Amino acid sequence: MLNNLKMIGIGRNAPLYILEKFDFDEKEIIELLKSKVDEIAVLKTCHRREIYFIGDLKKLPFDLDENVEGYLIQRTELDVVRHLFKVSSGLDSMVLGEHQILSQVKNTYKNFCEGKLLKRIFNEAISVGKEVREKTGVSKFPLSISYIAVKLIEELKGKISEKDIFVIGTGQMGQKVVKYLVDRNANVYISNRTKSKALEIKNKYPGVHLVDFSKKYEFISKSDVVISATNAPHYVVEKKKVNTRKKKLFIDLSMPRNIDPKLSKLHDLYTLDDLQKISEKYRLLRKEKIDMMQKILEQRIEKFLNWYYSRNLKEKIEDVIKMRDIVVEEEFKRLVNKVEDNKNLEKIKESLRRCANRMASYHIQYLKGERL
């Protein structure tokens, strides 16, 4: 069956307008194709569309014009397994080792994968993805600016759950920061010039505390960490209005800057430039893990092949034994009609069994030594 294993898809480098042409529903594709192939699985993410199948699919349910064909990916046999293992390990992701793709492979395994062999391959891919991340630690090096900001707080301030953290601004960056902080049980205060937007986050994360924008300096004084993530074209936090001598951590995630740079004279202040330098450092650290990730991947491919060969070998040995028994019975029946003296029938049958066993044993030894 491995020689009939195939994958066709659109890779992560395809532009959005190409991906939009393949914005299919996974269940609909499975229903459409499962009668035409032996097994099928569909992996769909923001950046990829991939159909895995066993069999001979004559025609895809898409119109492949010349613009699409340049982004088409096709794999066959063992290259399909290798490709999926790379995908689940994060080796084929825009962000090396990113974790979301592993969840997406799991989702395919649970909901959009039909067939014994494909189930096994996807299950192995999930296991490979976990092993690669555990053994290399590649996921420990965050690349998103919002996540790096939270990791920076942990490094500089210790346990986040014991800190009061004030987030000013509820845009995309601010919302991501709030999510990461809430996940770590921080005591989060949020403030936004437009109160309705702050209320939306409060509804999403009931544990956060709302602060009136006019009282932000009062809460800056009470907080351990202050994060600004607004779209304002001016300073939202001015040095002359910050009335505290206690050293605090300020993180400015805004462009242009929202926190007065003069605050760095008394406090720790990190800007987008600082966080981007940390992100680049982490990117290089992730890159150093590639060789180790690929080594684990190849080891797991070999392990998969050993399983696959032994599975096929068992089936072939069973076929040899069945044929041995059939031949013995057929030859015995043929001889029974020709032998006048029935006294030696059992001895004849035993002789037939011994001959058949010797032939079968020779064939089985040959199979065990053969790489199928």
Side-chain angles (χ1 to χ4, degrees), residues 142-279 281-282:
L143 296 180
S144 77
I145 296 299
S146 52
Y147 192 69
I148 286 172
V150 175
K151 292 290 286 184
L152 184 65
I153 297 169
E154 288 179 321
E155 289 177 17
L156 298 177
K157 290 292 185 178
K159 202 171 182 182
I160 283 184
S161 61
E162 298 172 355
K163 307 300 175 187
D164 292 331
I165 301 174
F166 186 26
V167 180
I168 305 170
T170 57
Q172 188 176 16
M173 190 82 80
Q175 288 184 42
K176 286 182 178 179
V177 169
V178 169
K179 178 188 181 303
Y180 295 138
L181 292 172
V182 169
D183 288 345
R184 286 162 174 75
N185 299 314
N187 194 21
V188 183
Y189 295 84
I190 60 169
S191 184
N192 196 70
R193 192 180 296 275
T194 306
K195 193 172 181 179
S196 60
K197 291 184 178 179
L199 281 168
E200 287 177 13
I201 294 183
K202 170 70 175 175
N203 291 334
K204 192 172 183 180
Y205 305 107
V208 304
H209 310 280
L210 292 183
V211 175
D212 192 275
F213 197 75
S214 63
K215 295 181 179 180
K216 65 178 182 287
Y217 285 104
E218 179 184 335
F219 277 84
I220 286 172
S221 299
K222 295 177 181 179
S223 303
D224 298 296
V225 181
V226 179
I227 300 171
S228 180
T230 80
N231 295 319
H234 52 75
Y235 294 151
V236 173
V237 179
E238 300 177 64
K239 180 182 179 296
K240 63 183 180 182
K241 294 182 181 180
V242 176
N243 300 314
T244 178
R245 305 295 296 180
K246 183 182 176 183
K247 193 172 185 178
K248 297 185 181 297
L249 172 60
F250 287 87
I251 300 176
D252 192 345
L253 300 178
S254 307
M255 180 61 69
R257 288 178 292 178
N258 282 180
I259 298 177
D260 192 338
K262 294 175 184 175
L263 278 164
S264 62
K265 294 178 181 178
L266 292 173
H267 306 278
D268 293 323
L269 173 60
Y270 287 81
T271 65
L272 270 178
D273 281 346
D274 299 313
L275 297 182
Q276 282 166 350
K277 287 175 185 175
I278 296 171
S279 179
K281 181 185 78 173
Y282 283 149

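Since this is a predicted model, take the numbers as computed values, not measurements.
A distance-only check finds no donor-acceptor pair linking the side chain of Lys157 to the backbone of Val225 [under 3.5 Å]. Without hydrogens or angle criteria, Thr230 side chain to Ala232 main chain gives a donor-acceptor distance under 3.5 Å. Between the side chain of His267 and the backbone N or O of Lys248 there is at least one donor-acceptor pair closer than 3.5 Å. The backbone N or O of Pro256 sits nowhere less than 3.5 Å from a side-chain atom of Ser254 that would complete a donor-acceptor pair.
By the side chain to side chain contact (heavy atoms under 4.5 Å, CB included) test, Lys216 pairs with Phe166, Ile168, Phe213, Val236, sequence neighbours left out.
Annotation for Leu269 and Ser264: closest pair CB-CB, 4.0 Å, computed over non-hydrogen atoms. Between Glu155 and Tyr282, the shortest heavy-atom distance links the atoms OE2-OH, 3.3 Å.
Side-chain atoms of Ile165 and Asp224, non-hydrogen and from C-beta on, never get closer than 4.5 Å to each other. Ile278 places a side-chain heavy atom less than 4.5 Å from the side chain of Leu152. Residues Lys176 and Tyr147 are not in side-chain contact: their nearest non-hydrogen atoms beyond the backbone lie 4.5 Å or more apart. Contact of the Leu156 side chain with the Tyr270 side chain is registered, since non-hydrogen atoms from C-beta on lie closer than 4.5 Å. Using a 4.5 Å heavy-atom cutoff, the side chains of Val237 and Asp260 are not in contact. With a 4.5 Å cut-off on side-chain heavy atoms, Leu266 and Lys247 do not count as touching. No side-chain heavy atom of Asp268 sits under 4.5 Å from any side-chain heavy atom of Phe250. Looking at heavy atoms from C-beta onward, Asn187 lies out of side-chain contact with Lys163 at the 4.5 angstrom threshold.
Around atom CZ of Arg193, no more than 12 heavy atoms belonging to other residues, nucleotides or ligands sit under 6.0 Å away. Applying the 6.0 Å contact sphere to CG of Asp183 captures more than 12 heavy atoms from other residues, nucleotides or ligands.
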* Let me see the working for Thr170 and Asn192 under side-chain hydrogen bond (donor to acceptor under 3.5 Å, both in side chains), right down to the final yes or no. => CA-CA 6 Å; Thr170 57; Asn192 196 70; 3.1 Å; yes

* For the pair Leu181 and Val177, evaluate side chain to side chain contact (heavy atoms under 4.5 Å, CB included) and give the outcome as yes or no after the intermediate values. => CA-CA 6 Å; Leu181 292 172; Val177 169; 3.6 Å; yes

* To do: Begin with the C-alpha distance, continue with both residues' side-chain angles, and end with the deciding distance and a verdict on side chain to side chain contact (heavy atoms under 4.5 Å, CB included) for Val226 and Leu249.
  => CA-CA 6 Å; Val226 179; Leu249 172 60; over 6 Å; no

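Atom CG in Asp252 sits 10.0 Å away from atom CG in Asp274 (nearest 0.5 Å). Put simply, OG on Ser221 and NZ on Lys215 are 14.0 Å apart, with the number rounded to the nearest 0.5 Å. Taking NE2 of His209 as the start and OG of Ser191 as the end, the distance is 14.0 Å to the nearest 0.5 Å. Ile201 contributes atom CD1, which lies 10.0 Å from atom CG of Asn203 (distance to the nearest 0.5 angstrom). With rounding to the nearest 0.5 Å, the separation of CD1 in Ile251 from OG in Ser146 is 11.0 Å. Remark: Ser228 OG to Leu253 CG distance equals 7.5 Å, nearest 0.5 Å.
In this pair, Phe219 and Tyr189 present their aromatic rings tilted. The plane angle is within the 30 to 60° band.
No salt bridge links Asp273 with Lys277; every basic N to acidic carboxylate O contact stays at or beyond 4.0 Å. Salt-bridge formation is not detected for the pair Lys197/Glu200: no Lys NZ or Arg NE/NH1/NH2 atom is positioned less than 4.0 Å from an Asp or Glu carboxylate oxygen. Between Lys222 and Asp164 no salt bridge is recorded (no basic side-chain N to carboxylate O distance below 4.0 Å). Checked for salt-bridge contact, Lys262 and Glu238 miss the test: no charged N lies under 4.0 Å from a carboxylate O.
A donor-acceptor pair shorter than 3.5 Å cannot be found between the side chains of His234 and Asn258.
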